[in-house]
Q: 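Input: one structure, supplied below.
Hydrogens, waters and symmetry mates play no part in the numbers below; they use all other heavy atoms, side chains included. Lettering follows sequence order; numbering is per chain, from 1.
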Protein chains: 2
Amino acid sequence: MTRYRDIAEQLVGEIAGLPAGTRIEGEYEIAARFGVGRAAARAALQELERRMLVRRVQGLGTFTSRRIDYRISPAEAPSWSRMVRASGAVPRTVVRSCSVVPMPAEVAALLKMPEGVPCHRLHRRSFTDDVPAAYGTEWVPVSVVPELAQALRSFDSLDVILRGSTGALPRRAWTRASMAPIDPEVAAELGSRTGDPAWLVESLNDDAGSGRLLCFTQRWMRADAVRVLLETGPPPG
Amino acid sequence: MTRYRDIAEQLVGEIAGLPAGTRIEGEYEIAARFGVGRAAARAALQELERRMLVRRVQGLGTFTSRRIDYRISPAEAPSWSRMVRASGAVPRTVVRSCSVVPMPAEVAALLKMPEGVPCHRLHRRSFTDDVPAAYGTEWVPVSVVPELAQALRSFDSLDVILRGSTGALPRRAWTRASMAPIDPEVAAELGSRTGDPAWLVESLNDDAGSGRLLCFTQRWMRADAVRVLLETGPPPG
DNA sequence: CAGTGGTCTAGACCACGGG
DNA sequence: CCGTGGTCTAGACCACTGG
């Protein structure tokens, strides 16, 4: 007798072939079409949202969604733009703040630099098809890129800036990833709700040629927007 | 006026110090205590479930839950029992099926063996504090452990069996992990619902001493039961 | 402003698990 | 059997978005 699951199943089939971002029926329409109360219609749409098949926005409606594949491996360059484009979506990254600060001890230990040396602290928010998907902090020593704020006016991608400014080929030297319920500040940046599942990916990047350490990044990514795929070590064979 | 969030916040504080598995108030009690309808009380408890702070079981009630930390790194031995015990919970693993089959091509490629050589195919389900948490398939060449079914009658842990039977020190040679909505068959084994978030961890294990390839495992883990923490490569420094 | 999803009530019946 | 959570209705009002 579980009516809303039946409805959800049918809707799964109906939206299967639709392009990402397509608007689908609302709660009242579903209720009318299937002859159920609004609560059951709502439950069906929430089921789709739980399975990360649709996005729902108050005041706007319900839309099909797409999760981009974000592959993390020592072989893959650490670039948001590349990954998003590889999934057929449009990337965009916006600087929230950028300032030079003394490098904190934890970051200095990872970058193998003296604590307190000048370091860019960058807060950025990234989008896929104008949907907020990632937010975090990036630490770049001033000795690696002296004029980061200026470079960011021309380029979205930190990967591109590092390649152009230093001639380096950025590569993941070390990565740590986990998934956790998000806290309120980050939720606000990502337009999601406190406690929603999200990835925390921390990455130390170096130059594939020289091994010189370039930067340390900590980024939260919405689990419903990004399908993280992590590989430790090189693929075998 | 979001009443159910206020209630959820208060409950978060109240259950913060409780030991895992403690039974907490039900929907009717919450409704009575806060003077709201059952729908609002229910929404508050569902909010806690969404944040993976409680488990709810029809016919039983609502219970505080604990997520175990499952660290995956080249430095860490691939053992469920060890990881669960390290988090202070009780591990248990049950064999669902165990048979010798010709090794499939995909597995053979990873284990660098000829396709079709005899191979144990093992389906197992793992628990933390008697809560189903993981399920999957493990492939062990007969040439590595001839009498696997017999060994499993004495030991829960594949890690222990491999160490005892071959003198090897199992280690993760290569790992791939992702998180995805679960499909119906696996959901049934894990006692969760289709579409719930879960980890898929695939791991190729070898002997730390000789580098000999030992087995390939594919395991699903409930995201609300296991906090996977993945590191690529060795910790820096 | 109209239309969307978000919250909430009061009440009902069902499905499940344990004594 | 009882009590739990799961589903559902009918109806109401609110919060947010866009035009």
Q: Please list, in numerical order, the residues of residues 51-59 of chain A that have a heavy atom closer than 4.0 Å to any atom of DNA chain C.
A: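 Heavy-atom cutoff 4.0 Å gives Arg56(A), Val57(A), Gln58(A), Gly59(A).
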
Q: Just to verify, what does Glu189(B) make a side chain to side chain contact (heavy atoms under 4.5 Å, CB included) with, not counting sequence neighbours?
A: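 Side chain to side chain contact (heavy atoms under 4.5 Å, CB included) check on Glu189(B) returns Arg96(B), Arg125(B), Tyr135(B).
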
Q: Rounded to whole Å, how long is the line connecting atom CD1 of Ile30(B) with atom P of dG5(D)?
A: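 Rounded to the whole Å, the gap is 9 Å.
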
Q: Quick one: ring pair (Phe, Tyr, Trp, His ring centres under 6.0 Å) pairs with a partner in residues 184-204 of chain B, sequence neighbours left out?
A: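 For residues 184-204 of chain B: Trp199(A)-Trp199(B).
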
Q: What is the distance from CD of Glu27(A) to C1' of dA10(D), rounded to the nearest Å?
A: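 Nearest whole value for this atom pair: 15 Å.
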
Q: dT7(C) phosphate, OP1 or OP2: any side-chain N/O from Arg5(B) under 4.0 angstrom?
A: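 Looking at the OP1 and OP2 atoms of dT7(C), one of them is under 4.0 Å from a side-chain N or O of Arg5(B).
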
Q: With heavy atoms under 4.0 Å as the rule, sort Ala40(A) into base, sugar-phosphate or nothing.
A: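 The residue Ala40(A) makes sugar-phosphate contact but no base contact.
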
Q: Give each protein N/O atom lying under 3.5 Å from an N/O atom of nucleotides 11-13 of chain D, with the pair distance.
A:
{"unit_1": "dA12(D)", "atom_1": "N6", "unit_2": "Arg38(A)", "atom_2": "NH1", "d": "3.1"}

Q: To the nearest angstrom, how far is Leu45(A) atom CG from dG6(C) atom C1'?
A: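 After rounding, the gap between these two atoms is 13 Å.
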
Q: Quickly, which of Thr137(B), Val140(B), Leu110(B), Asn205(B) forms a side-chain contact (heavy atoms from CB on, under 4.5 Å) with Phe216(B)? Name it, please.
A: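 Filter result, single survivor: Leu110(B).
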
Q: Would you mind listing every ring pair (Phe, Tyr, Trp, His ring centres under 6.0 Å) that reaches into residues 28-49 of chain A, with sequence neighbours excluded?
A: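 Listed once each, the pairs would be none.
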
Q: Whole angstroms only, please: what is the CZ-P distance between Arg42(B) and dT7(C)?
A: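 It works out to 15 Å between those atoms.
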
Q: Using whole Å, what does the distance between atom P of nucleotide dT4(D) and atom CD of Glu25(B) come to?
A: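 The distance from CD of Glu25(B) to P of dT4(D) comes to 11 Å, rounded to the nearest Å.
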
Q: Report all side-chain donor-acceptor pairs from residues 49-63 of chain B shorter than 3.5 Å, counting only partners two or more places apart or in another chain.
A:
{"unit_1": "Arg50(B)", "atom_1": "NH1", "unit_2": "Asp196(A)", "atom_2": "OD1", "d": "2.0"}
{"unit_1": "Arg50(B)", "atom_1": "NH2", "unit_2": "Thr194(A)", "atom_2": "O", "d": "2.9"}
{"unit_1": "Arg50(B)", "atom_1": "NH2", "unit_2": "Glu47(B)", "atom_2": "OE2", "d": "2.9"}
{"unit_1": "Arg51(B)", "atom_1": "NE", "unit_2": "Glu47(B)", "atom_2": "OE2", "d": "3.1"}
{"unit_1": "Arg51(B)", "atom_1": "NH1", "unit_2": "Glu9(B)", "atom_2": "OE2", "d": "3.1"}
{"unit_1": "Arg51(B)", "atom_1": "NH2", "unit_2": "Glu9(B)", "atom_2": "OE2", "d": "3.1"}
{"unit_1": "Arg51(B)", "atom_1": "NH2", "unit_2": "Glu47(B)", "atom_2": "OE2", "d": "3.1"}
{"unit_1": "Arg56(B)", "atom_1": "NE", "unit_2": "Thr62(B)", "atom_2": "OG1", "d": "3.4"}
{"unit_1": "Arg56(B)", "atom_1": "NH2", "unit_2": "Glu27(B)", "atom_2": "OE2", "d": "2.6"}

Q: With respect to the phosphate group of dG6(D), does any side-chain polar atom (N or O) of Thr2(A) fall under 4.0 Å of OP1 or OP2?
A: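 So the side-chain polar atoms of Thr2(A) never come under 4.0 Å of the phosphate oxygens OP1 or OP2 of dG6(D).
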
Q: Given atom CG of Asp6(A) and atom P of dG6(D), what is their separation to the nearest angstrom?
A: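 Atom-to-atom, Asp6(A) to dG6(D), this comes out as 18 Å.
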
Q: Does Thr62(A) have a side-chain nitrogen or oxygen under 4.0 Å from the phosphate oxygens OP1 or OP2 of dT4(C)?
A: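 False: Thr62(A) side-chain N/O out of range (4.0 Å or more) of dT4(C) OP1/OP2.
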
Q: Closer than 3.5 angstrom, by distance alone: can the side chain of His120(A) be matched with the main-chain N or O of Val145(A) as a donor-acceptor pair?
A: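 Judged by distance alone, yes, a pair lies under 3.5 Å.
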
